There are 2 protein chains.
Amino acid sequence: MNLRAVFHIIGILIVFEGLSMLFPLGFSLYYGDGDAGAIALSILICIVFGLLLFRFSRNQTELRMREGFAIVVFSWSSMAAFGALPFIISGAIPSYTDAFFETMSGFSTTGASILTNIEALPHGLLFWRSETHWLGGMGIIVLSLAILPFLGVGGMQLFKAEVPGPVPDKLSPRIKETAKILWGVYVLISAVETILLMFGGMSLFDALCHTFGTMATGGFSTKNASIAHFDSLYVEMVILFFMLAAGTNFSLHYRVLRGQLNAYRLDREFRFYFIFIILFIIIVAPIVYFTRTPSVGGAIRSAAFQVVSITTTTGYVTDDFELWGRGGQLIMLCLMFIGGCAGSTGGSIKIIRIMLVLKHGITEIKKLLHPNAYIPVRLGGRVVTPEVVTNILAFFFIYMIIFAGGSVCMALLGLDTVTAIASVAATLGNIGPGLGNVGPVDHYAHVPVMGKWLLSFFMLLGRLELYTVIILFVPEFWKK
Amino acid sequence: MNLRAVFHIIGILIVFEGLSMLFPLGFSLYYGDGDAGAIALSILICIVFGLLLFRFSRNQTELRMREGFAIVVFSWSSMAAFGALPFIISGAIPSYTDAFFETMSGFSTTGASILTNIEALPHGLLFWRSETHWLGGMGIIVLSLAILPFLGVGGMQLFKAEVPGPVPDKLSPRIKETAKILWGVYVLISAVETILLMFGGMSLFDALCHTFGTMATGGFSTKNASIAHFDSLYVEMVILFFMLAAGTNFSLHYRVLRGQLNAYRLDREFRFYFIFIILFIIIVAPIVYFTRTPSVGGAIRSAAFQVVSITTTTGYVTDDFELWGRGGQLIMLCLMFIGGCAGSTGGSIKIIRIMLVLKHGITEIKKLLHPNAYIPVRLGGRVVTPEVVTNILAFFFIYMIIFAGGSVCMALLGLDTVTAIASVAATLGNIGPGLGNVGPVDHYAHVPVMGKWLLSFFMLLGRLELYTVIILFVPEFWKK
């Protein structure tokens, strides 16, 4: 393991993080809430520390896959560690554990918050909090690849470690170009959402913050009541539409923008994703009708928003789904294990995996009827190799093991059973709101300190799709 | 589908079930509790109905795999349907739903009970209740193959449909011989346990009933307080030892009885099973110590018994694990997903599957470090084919889907979240006691009628290891 090369790149990224705090500094100065000094100091610390790290480590032209994994995991951890500075220095979040949790929740696009009164935060900090979502959404490393000249060499290793999805979609033979395209589409769609939200009466500040939360499938709001605060069908529809878009493979958006208008319709994963969501809205709406609101329109509206919000792993809230009866709650808990499409900003297990594993299950049942037939798993006419299927099945199994083990740990720390289970499901899947005491109208402030660190770790595990983090715990990884 | 051939064999089995009620009739007459008439009438109904079914359906010499699946599923359902007769006719269980639930719980070796006062039942019925465990433990079809001359042809199809484990261990080239050997070993070990329990002061009646519950990894007791009733370290140690034996592959017992004394030690699955149980006793004992009983010996005793009881899917209780804190409870819930070894009477996912899926997960992580290397999954030096691995992974996934969907259904029927989740885990895994309102000192009487039928279905699904039942729901299965 070439740790110097690792530190070298992390140094660059910390400097870059400091510079990205200039936006919240701008909003801070504009609104004059008194958090400008804290943000400015944070920028200074990031730049100085980052430059020192950069200076006293060596550049390594050749990066192996191992260094790729280490760089990605340590970068994300460092981004959360340094991103917590404005909250600490300003005193808005006095505990470092809480500040780290909040920042990791931001970068990992989870959206779980320890804040009990979000609206009390000054504008600069609120903006930084939402900006972490946006930076983390399409990937910090992918962004760096797109805009920093330093990272050209070894870029593929870094990209594969940060975006380990099962069906990598090469948009360009050059990884730098692919990163640029992905971020370009991301910026473009974000700009459209911001404008549409401003049409709905939001200020530029609120529109940007909620765009960040939507497009990254994050879920941080600037309001205590989340999207319910705006009480506007228009705002809800805009956010619902862009949550769906954020949960879609961004290469499909790119194709459509390039004129291939049937790209969505032809994509098997997108069709499955779309039908799955419609199906669950149809299942959930009657439950909402009978348990919560005796209005057909209201029930469909709540069900649609919440099903999309949880399935895409955004976590925005317009209705407290803990009031939808035990059955409604458990359906929402199950939806936390789905996630967006591959190549989207959505987290959790992801549609492509769910789809392939389901297809494989059907294949296994068919094999019982035709024991001597060779029945491969197919996706859109093409045969999926057994290696891909077993890899995905292993992912599912490891996900469940971490979920079960994590739930036990949280319960041992004193959380009640439902809260323990839901807190792990909601952080590992990068959703945000869970059930019980971490439900849609609650927060994570009351979780014990050790629990907050554990959940922060689950956010990172989930965001980097398990393997990239797990491999660092294999002793062989560190051998020469 | 040749339904006549299916009915033909089911007819034989119902006659056989009637005859097997002669044992409870004997105990009934001996104790004179007044249930002899009801049992005698049940025997009559079974024999008459069975003979009619046998007479008016045709014998089919050639059985395909399809008929095998249908025979196994419908036999088990019929056994539960007719086995419920003594409870209904005697009036001991007035509702047919409850009587069916109790009988399916018996045959499937689940041990979940709707009885609120077990000790109020007359001896004949109590014996029948425990006998259903024993008959279901090693398999009704396997028993029929061993002792009935009719079932020689097509026996392999039936055997494979009832015992679909991933590593079939052929003890004899003839399936009838294998069935005889398995049942022979089962009877022998059961006899030893009965004698040892009688040494501990139990009556022949109690010793037999608890042997049935142990050897079948069932869990029905004749006492309201389960094994805690006897308050005897000796009884607990005997039952713990035989639960471990019942969760072991019976072909290993056969080998040891044949003089191959190192059979246990050489078997990878048994070693994993043994180490797994020791590990979890070490994890659980401190939790019991800190939450329940401030005595080192007492904590180890409770932890050991309960870990073995739940892991082997028996479900006997010496201590209310709902008093072990949330963490202790969740660990017990997780253990409900393990089960005994392949070829044992234990249910749930089974050790061999857990082991292979874990090994596969490790292989996938190793592949990240050596992307170009071919790393197969090995078991005891032999390579496990990818087909076996994917089949097992699919089993795990389907198990989880049924668990999640079932939990949602139970919650929609009004059970609280923890009870809903645990009731499905405890019936699908054939354990018995769950958490919440179906915990170790509770019962299933309060579950709504629809919920009882659903849980009965899960017991059957779990006992026949999913595929055998699921395949009946595939439309293609019924086509010519």
Side-chain angles (χ1 to χ4, degrees), chain A residues 65-66 69 164 287 325-331 333-334 337 357-358 360-369 371 377 386-387 389-398 400-401 404-405 407-421 435-436 467-468 470-471 473-474 476-477, chain B residues 65-66 69 164 287 325-331 333-334 337 357-358 360-369 371 377 386-387 389-398 400-401 404-405 407-421 435-436 467-468 470-471 473-474 476-477:
Chain A
M65 206 56 222
R66 294 191 187 200
F69 291 122
I287 297 174
R326 310 287 188 179
Q329 283 178 42
L330 266 183
I331 291 176
L333 185 66
C334 290
F337 291 87
V357 174
L358 272 178
H360 172 61
I362 293 166
T363 305
E364 286 292 329
I365 291 164
K366 276 190 189 158
K367 274 186 193 160
L368 287 177
L369 285 170
V377 177
E387 285 73 34
V389 174
T390 51
N391 179 278
I392 290 173
L393 287 163
F395 181 91
F396 180 82
F397 179 75
I398 295 172
M400 286 299 153
I401 291 280
S407 301
V408 168
C409 291
M410 295 311 289
L412 286 173
L413 289 171
L415 271 61
D416 71 83
T417 312
V418 172
T419 305
I421 290 172
L435 292 173
Y467 289 134
T468 301
I470 290 172
I471 202 167
F473 292 87
V474 179
E476 198 192 331
F477 180 81
Chain B
M65 206 56 221
R66 294 192 187 197
F69 290 123
I287 297 175
R326 311 286 189 180
Q329 283 178 41
L330 266 183
I331 291 176
L333 185 66
C334 291
F337 292 87
V357 174
L358 273 177
H360 172 61
I362 293 166
T363 305
E364 286 294 326
I365 291 164
K366 275 190 190 159
K367 275 187 193 159
L368 288 176
L369 286 170
V377 177
E387 285 73 35
V389 173
T390 51
N391 178 277
I392 290 174
L393 286 163
F395 181 91
F396 180 81
F397 179 75
I398 295 172
M400 285 300 153
I401 290 281
S407 302
V408 168
C409 291
M410 295 310 291
L412 286 172
L413 289 171
L415 271 61
D416 71 85
T417 312
V418 171
T419 306
I421 289 172
L435 292 173
Y467 289 133
T468 301
I470 289 172
I471 201 166
F473 291 88
V474 179
E476 199 192 330
F477 181 80

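Please read all numbers here as calculations on a predicted model, not as lab measurements. Letters go in sequence order (proteins before strands), and every chain restarts at 1. FYI, side chains are in, hydrogens and waters are out, and symmetry mates aren't considered; it's all heavy atoms of this structure.
Taking A/L358, A/L333, A/V474 one by one and counting their heavy-atom pairs under 4.5 Å with chain B, the maximum is reached by A/L358. Among B/I401, B/L369, B/I398, B/I470, the residue making the largest number of heavy-atom pairs under 4.5 Å with chain A is B/L369. Between chain A and the residues B/I362, B/V357, B/I331, B/V389, the most heavy-atom pairs under 4.5 angstrom are made by B/V357. The choice from A/T390, A/L413, A/L412 that makes the most heavy-atom pairs within less than 4.5 Å of chain B is A/T390. In terms of heavy-atom pairs under 4.5 angstrom with chain B, the leader among A/G328, A/A411, A/S407, A/C334 is A/A411.
Taking all atoms of both residues into account, the shortest heavy-atom contact from A/D416 to B/R326 is CA-NE, 3.7 Å. Nearest heavy atoms, A/L330 versus B/A420: CD1-CB, 4.3 Å. Shortest non-hydrogen contact noted between B/N391 and A/E364 is ND2-OE1, 2.7 Å. Heavy atoms only, all atoms of each residue included: A/G361 and B/A394 are closest at CA-CB, 4.4 Å. The two residues A/Q329 and B/T417 come nearest to each other via the heavy atoms OE1-OG1, 4.1 Å. Among all heavy-atom pairs drawn from B/I471 and A/I365, the shortest one is CD1-O, 4.2 Å.
A distance of 7.0 Å separates CE of A/M400 from CZ of B/F396, quoted to the nearest 0.5 Å.
For B/I287, the part lying near chain A is the side chain, with the backbone staying farther off; criterion is any non-hydrogen pair under 4.5 Å. For a residue to count as touching a neighbouring chain, one of its non-hydrogen atoms must lie under 4.5 Å from one of that chain's; by this rule B/V408 touches chain A with backbone and side chain alike. For A/I421, the part sitting under 4.5 Å from any heavy atom of chain B is the side chain, from C-beta outward, and nothing else. A/F69 touches chain B through its side chain: at least one heavy atom from C-beta onward sits under 4.5 Å away, while N, CA, C and O do not. No part of B/M410 comes within reach of chain A, as not one of its non-hydrogen atoms sits under 4.5 angstrom from that chain.
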